[in-house]
Number of protein chains: 2
Amino acid sequence: MTPHVTLKLRGFGDLNDASQTWLADQVQRNVRSLPPRVDLLCQGGGTGPLHVLIEGWAIRYKTLEDGRRQILSVLIPGDMFDINGHLAKSMDHSIATLTPARVALLADDFLDTARKLHPDLEKLLWCDMHVSSAIQRERSTSLGQRTARERMAHILCELFMRQRSVRLAEGGSCAFHLTQTELAEALGMTPVYVNRTLQDLRRDGLIQLEQKCLTILDLTRLEATALFDGDYLKICDADGGAGAHKENAHAF
Amino acid sequence: MTPHVTLKLRGFGDLNDASQTWLADQVQRNVRSLPPRVDLLCQGGGTGPLHVLIEGWAIRYKTLEDGRRQILSVLIPGDMFDINGHLAKSMDHSIATLTPARVALLADDFLDTARKLHPDLEKLLWCDMHVSSAIQRERSTSLGQRTARERMAHILCELFMRQRSVRLAEGGSCAFHLTQTELAEALGMTPVYVNRTLQDLRRDGLIQLEQKCLTILDLTRLEATALFDGDYLKICDADGGAGAHKENAHAF
DNA sequence: CGCTCTGTTGACATACTTCAAAATACGTGG
DNA sequence: CCACGTATTTTGAAGTATGTCAACAGAGCG
């Protein structure tokens, strides 16, 4: 069974068989099983090696001195984190599991080896990082510009799409492991209002959400109410070839 | 005169003389002068080479279909952008000048050459990228958790600190090229409320802001009202040495 | 079967927005 | 250097999206 990381990376471009088997091997070399709701890495603490989430959900979050907490991103199987850990002297944010999870800890020389022996893989890793940044930017845009309802619709679209791209969605349904309180922390709103916003979306026949399972009843309309444009999830194009820049829209 | 990029990168770690002169040379090889308020790169359009902002201010922003605009980050002299442009097939956001600006376009093989001939420089480039991500995360945290007053205080602290670290602040003063409308777009609030928030901060004797010049009258108190912790601007430590991970705060 | 966590509801409060207009600064051409 | 048009800042009054508080109802779990 091919791991979710592979599926994810292959979404960005081709990966030859040798690279694929090497990656699959690396990813099962050193796996830790974790209970739900524990910190893997702590804001202010030391950094770690490159991690790959194999199974379960996790979050990246920041806390303010007074305890307010912002969930920066939701990590699902196939997601990598702390890719540049070796560069930082300490974490500016934390990583915690939401559910029971399995995490692969990659060897310290993983990136170096990939660079030398599997350049196609290395390229896809950078693509992944690039897309992660794009997701982060979209999140900022949500927080700054979208209304509560739009933000909610948007995060639902995003998490559905991301799961679908690693074969974790069945038809219009996928797992959904955020409590309403966690959703509130991700969307910069209050748990009570999250509840009301979800009810709005349900009443409008856009979604169904119960027992950790999200069903999208009308994707087109949900995307419309979210002002969702999924392009940011697939702006990468490792096959496009180096230097082959598209015509540049320079104003000057 | 050493360019701001060099100052910035040297903030992350040492850079030997050969790398410094090579960098300084690369950065003045192909410089474009731009008028204020023009797009350099357009959302949806093609990507470009690695850019370095030499002089003037610019912004990274995203627009929603209906015209709402979120300023994602403010670029000041020494900042680089589009570092991974070659990986993406299109831009998920735009870059525009705010003031008249000068921008260096680096050669397509800049990164490759740096990797081969100036590994110390390459490392600092990744550090820079890493810090940019941290800034982006802090921005999300602001948008999601901080009140209008806190967000305002925070962005003022950040822009002051960043300018200071490239010698662009004199005492407690620095340039400030955002209009109140732009400030509003960066902070996810309304221009009117930006105005009122600024007046609050002024009335409280925290800042002075007039004629594109910001003066911080009481940094300690401003940081306190912002819940500002400047560590995120200097989490990088290229000298720390590869593999020398600090003791890890694993919960498991 | 009782505890704790999560979801739901209602009434009320407020931080922030909206609209609209005046005052001030800013740039440009004459 | 002035005069005019445009962009920015400032002010006031009124509206609303979202937050707060508090209580209750289910669900999950040992």
Side-chain angles (χ1 to χ4, degrees), chain A residues 35-38 57 59 64 66-71 96-100 142-156 175-203 207-214 225, chain B residues 35-38 57 59 66-71 96-100 142-156 176-203 207-214 225:
Chain A
R37 283 152 215 269
V38 298
W57 281 30
I59 50 174
L64 261 36
D66 65 359
R68 275 175 280 174
R69 175 166 104 139
Q70 177 66 33
I71 293 182
T97 59
L98 285 178
T99 67
S142 258
L143 289 168
Q145 300 300 325
R146 286 188 246 253
T147 66
R149 182 188 164 92
E150 290 165 348
R151 281 196 309 264
M152 178 64 73
H154 194 275
I155 203 173
L156 298 180
F176 197 85
H177 294 290
L178 294 172
T179 65
Q180 293 185 2
T181 304
E182 286 152 355
L183 265 177
E185 290 171 325
L187 299 178
M189 55 206 250
T190 236
V192 173
Y193 206 60
V194 163
N195 184 286
R196 294 182 164 132
T197 307
L198 281 173
Q199 290 182 52
D200 280 356
L201 296 180
R202 283 194 271 246
R203 173 160 3 93
I207 61 157
Q208 209 175 310
L209 176 54
E210 49 191 34
Q211 281 146 198
K212 318 256 166 229
C213 173
L214 167 68
T225 92
Chain B
R37 282 153 216 271
V38 298
W57 282 30
I59 50 174
D66 66 359
R68 275 176 280 175
R69 174 166 105 138
Q70 176 65 34
I71 293 183
T97 59
L98 286 178
T99 66
S142 257
L143 290 168
Q145 301 299 325
R146 285 188 248 254
T147 65
R149 182 187 163 93
E150 291 165 348
R151 283 196 307 263
M152 179 62 75
H154 194 275
I155 204 174
L156 297 180
F176 197 86
H177 294 290
L178 295 172
T179 66
Q180 293 185 4
T181 304
E182 286 152 355
L183 223 23
E185 290 171 324
L187 299 178
M189 54 207 248
T190 239
V192 173
Y193 206 61
V194 163
N195 185 284
R196 295 182 165 132
T197 307
L198 281 173
Q199 290 182 52
D200 281 356
L201 295 179
R202 282 195 271 248
R203 173 158 6 92
I207 62 157
Q208 208 174 311
L209 176 53
E210 50 190 35
Q211 280 145 199
K212 319 255 166 230
C213 173
L214 166 68
T225 92

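Side-chain atoms are counted along with the backbone in the values below, which use heavy atoms only and exclude waters and symmetry mates. Naming: A, B, ... by sequence-line order, numbering from 1 per chain.
At the phosphate of D:dT9, neither OP1 nor OP2 sits under 4.0 Å from any side-chain N or O atom of B:Q199. At least one side-chain nitrogen or oxygen of A:R202 sits closer than 4.0 Å to the OP1 or OP2 atom of C:dT8. Within the structure, every side-chain polar atom (N or O) of A:N195 is placed at least 4.0 Å from both OP1 and OP2 of C:dG7.
At least one side-chain heavy atom of B:L201 sits under 4.5 Å from a side-chain heavy atom of B:L156. Residues A:F176 and A:L183 form a side-chain contact, since some pair of their non-hydrogen atoms from C-beta on lies under 4.5 Å apart.
In the set D:dT10, D:dT20, C:dA15, the nucleotide with an atom closest to the side chain of A:T190 is D:dT20. Residue A:Y193 places its side chain closer to D:dA17 than to any other of D:dT10, D:dA17, D:dA22. When the nucleotides C:dT6, D:dT8, C:dT8 are ranked by their closest atom to the side chain of A:Q180, C:dT8 comes out on top. In this structure, the nucleotide among C:dT18, D:dA22, D:dG19 sitting nearest to the side chain of A:V192 is D:dA22. Here the nucleotide nearest the side chain of A:Q211, chosen from C:dT9, D:dT9, D:dG28, is D:dG28.
Within the 4.0 angstrom heavy-atom criterion, only backbone atoms of the sugar-phosphate kind lie near B:R37; the bases stay farther away.
Atom-to-atom, CG of A:L187 to C1' of D:dT18 comes out at 13 Å; the value is rounded to the nearest Å.
No side-chain donor-acceptor contact under 3.5 Å links A:S142 to the backbone of A:R151.
For a distance-only test at 3.5 Å, the side chain of B:R196 qualifies as a donor-acceptor partner of the base of D:dG12.
Applying the side-chain hydrogen bond (donor to acceptor under 3.5 Å, both in side chains) test between A:Q145 and each of B:Q70, B:R68, B:E185 identifies B:Q70 as the sole match.
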